[in-house]
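Notes follow the structure.
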Amino acid sequence: MAILVTPETKVIVQGITGHFGAQHTRLSLAYGTRIVAGVVPGKGGDRFDDTAPIFNTVAEAAQATDATVSAVFVPPPYAADAILEAVDADLELVVCITEFIPVKDMIKVHRAMTGRKTRLLGPNCPGIVTPGPGEHSHGGCRIGIAPGYIHKKGHVGVASRSGTLTYEAVWQLTQRGVGQSTSVGIGGDPVHGTSHLDVVKMFNDDPDTHGIILIGEIGGSSEEEAAAWIRQHCRKPVAAFVAGATAPPGRRMGHAGAIISGGKGTAAAKIAAFKEAGIAVAPTPSDIAETLLKIL
Amino acid sequence: MNLHEYQAKKLLAAHGVAVPPGDVCDTAEEAKATAGKLFAEGYKRVIVKSQIHAGGRGRGVFKNGRKGGVKICETTAEVYAHARNMLGQVLVTKQTGPEGRLVSKVLVESALAIDRELFVAVVLDRTISRPVVMVCQEGGVDIEEVAAKTPHLICREVVDPVMGLMPYQARRLALRLGLKSELIHQAARLLMGVYQAWWKCEATLVEINPLHVVEDIDGNQTLVAVDSKIALDDNALYRQAELQELRDLAEESPLEVEASNYNLSYIKLDGNIACLVNGAGLAMATMDIVKHHGGRPANFLDVGGGAKPEQVAAAFKIILSDPNVKAILVNIFGGIMQCDIIAQGIVAAVRETNLTLPLVVRLEGNNVEPARAIIAESGLPVIAADSMADAARKVVQAVPR
């Protein structure tokens, strides 16, 4: 098992003919992921690279292919609309890769998703990977932009707000021969769907996940909320790293959500919350895998 | 993007918020004329305020030694003298850093007798992804301090974005500010206007601090926004054409503006080890590990998760423009991008910039072996590193002491 997606998961790509969407669809197909359709309004009836059929709407694509997950590679002005179209089609999961979506659009999306069955991952996230059994984890489910080959099928769950820092942690594990159940990017925006806590709960319930790595960064309180729950309920060893201990307050560090504002959201506060919850905190980003392996 | 006080007040006034009568001025002559009109209307005192994107102006000190970026005056001659002393001078406050900010405009306004000072703000509550309107009876002071020491003094109303701030919520906040009778309705209208400004302008912050309860010229109690701060969502500016024009490039660091032209995210810090990294999280983590090994990062620099060679080249030029830089650390996790292509970009950039500073390069990911060969065969004095820890140790050692 794994969480959220498995090698059998059927995936739609919204914005499959854009430069970025096409590039990563090809990489996912090469990884063995079941990308079964694309959605591009106005291009219904075409095919992507002579393989996946393209539909005008998400509902049509889902009905024709039984896909349950959508990846959104739509430019920022149209991304909120794309997410809500997937929600309207009652998909199980929408993974939004798009960065630079206006906050107001995401506030509306968050409100509109209340009470709906669809889960949102992102936006501004690297996506999700459940590694496969093949060489370089081939045959897994790769949705988004993470490099597939750095993964290895195994039993560590990874949840992170960052892209390349997640790859760093995953690669540290793989190089030590330790595989991952699922690696989840929750995204770097202030308003997002799935939180650290949501992912931790799923890993806690997943029999295939034996240990958890949480990667946080300055801004917001997603890490503190996860820490409070872990302290009370988590049955699995958890290691963590928080980026941004040297970040100056009041500045946005690349990610829209990575900002210390009003003295809140500091790395020190998050590290303290993690330690209080009995989580092993890596002293540097070079020690993330080692820190978990010591307690696994 | 941040707005100046005078810009924020114009926006708030357009949403029905009362602001003190006055005008923004580019010259001391204009300031004197504006003050003359205010005195003629019957106002007894006029305030001259330096316009920069930083707080603490009143207690700030100009680089020429004069104190106070905000002055209260009782004659036009005083207004003229203070405006002349402020304009064209660099003001240093606790928020500007030692380099200070050039004052090129002053706001000249009437100053009324104050009864009470309040605080109002609209922000996004990230834990619930909803806007929240906050008020506090203790205005005029550092609200962060109030939040830390006496959080019970801050009252909040969460807004449903479909409905907007409802009048009953605004009245409830007014009551909790301790306002009575007619002022309750006035405050409620004001709060609705402030929320509307936040929503329509796609702000990340609208703050009025202080909001004064004053006696106007006719002796009636009224609410006036005496100082205000607005920050806008950069991601929404593409559809806010009028607000885009309010951007003041003079308030932004020239290197950061230059970096943004190449889609690079750069923030200058005060250390001497420049960092060039792909991805925001990895870039922060790289700064952290440099510090962990006893070094001081000179900057945050994210060339983007994809890290294209031309961005790497532009990034080298930007970090080398900082005279404090004594060594460079490149940390690239080439997940999708091929490391050998990035290595070619690094070699080209080093040659083009005639780099003489120590350079430590850590590449990981796709095609990393050919990438290392390209760097080794370039003949350039590049120090190769094979992990983040190794890279951080090597760059800290490479800084000349």
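Here is how names work: the chains are called A, B, and so on, in the same order as the sequence lines, proteins then strands, and each is numbered from 1.
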Non-hydrogen atoms of chain B under 4.5 Å away: do they reach the side chain of Glu99(A), the backbone, both or neither?
neither

Taking 4.0 angstrom as the limit, do Lys268(B) and Glu256(B) come out as a salt bridge?
no

Measuring heavy-atom distances to chain B, does His255(A) have an atom under 4.5 Å in its side chain, in its backbone, in both, or in neither?
both

Can you tell which part of Ala389(B) gets under 4.5 Å to a heavy atom of chain A, answering side chain, backbone, both or neither?
both

Do Val13(A) and Phe73(A) pass the side-chain contact (heavy atoms from CB on, under 4.5 Å) test, and can you show the C-alpha distance, the side-chain angles, and the key distance before you say yes or no?
CA-CA 7 Å; Val13(A) 175; Phe73(A) 281 93; 3.8 Å; yes

If you count heavy-atom pairs within less than 4.5 Å of chain A, which of Gln95(B), His293(B), Arg362(B), Lys291(B) leads?
Arg362(B)

What option among His24(A), Met106(A), Arg111(A) has the most heavy-atom pairs under 4.5 Å with chain B?
Arg111(A)

Strictly below 4.0 Å, N to O, side chains only: are Glu223(A) and Arg126(B) in salt-bridge contact?
no

Honestly, the part of Pro77(A) sitting under 4.5 Å from a heavy atom of chain B is both

Main-chain N/O of Ala146(A) paired to Arg142(A) side chain as donor or acceptor, under 3.5 Å
yes

Just give me the residue among Thr166(A), Ile101(A), Ile218(A), Ile150(A) that pairs up with chain B most often, heavy atom to heavy atom, under 4.5 Å.
Ile101(A)

Is Asn324(B) atom CG crowded by more than 12 heavy atoms from other residues, nucleotides or ligands, each under 6.0 Å away?
yes

Side chain from CB out, backbone as N, CA, C, O: work out which of these in Thr246(A) comes under 4.5 Å of a heavy atom of chain B, or both, or neither.
both

Sort Glu217(A) into side chain, backbone, both or neither according to what part of it lies under 4.5 angstrom from a heavy atom of chain B.
side chain

Regarding Asp234(B) and Arg252(A), does a basic nitrogen lie under 4.0 Å from an acidic carboxylate oxygen?
no

Shorter than 4.5 Å, heavy atoms on both sides: which option in Gly216(A), Gly254(A), Pro102(A) has the most such pairs with chain B?
Pro102(A)

For each of Gly219(A), Pro248(A), Ser160(A), tally heavy-atom pairs with chain B at distances under 4.5 Å, and name the one with the top tally.
Gly219(A)

A side-chain contact here means heavy atoms from C-beta on lying under 4.5 Å apart; do Phe119(B) and Leu153(B) qualify?
no

Could you check whether atom CD of Glu99(B) has more than 12 heavy atoms from other residues, nucleotides or ligands sitting under 6.0 Å from it?
yes

Between Ala236(B), Ser265(B), Ser129(B), which shows the greatest number of heavy-atom pairs under 4.5 Å with chain A?
Ser129(B)

Selection from Ala391(B), Ala280(B), Ala392(B) maximising heavy-atom pairs under 4.5 Å formed with chain A:
Ala280(B)

Among His110(A), Gln172(A), His192(A), which has the most heavy-atom pairs under 4.5 Å with chain B?
His110(A)

Look at Arg296(B), Met284(B), His292(B) and state which one has the largest set of heavy-atom pairs under 4.5 Å with chain A.
Met284(B)

Identify which part of Ile145(A) has an atom lying under 4.5 Å from any heavy atom of chain B, answering side chain, backbone, both or neither.
backbone

Side chain from CB out, backbone as N, CA, C, O: work out which of these in Glu225(A) comes under 4.5 Å of a heavy atom of chain B, or both, or neither.
side chain

Option that, when pairs with chain A are counted at under 4.5 Å, heavy atom only, ranks first among Asp160(B), Leu264(B), Val123(B), Asp390(B):
Asp160(B)

Charged N to carboxylate O under 4.0 angstrom, Arg239(B) versus Asp233(B)?
no

Do Leu301(B) and Val277(B) come close enough that some side-chain heavy atom pair is under 4.5 Å?
no

So, do Val122(B) and Leu205(B) sit near enough that their side-chain heavy atoms are less than 4.5 Å apart?
no

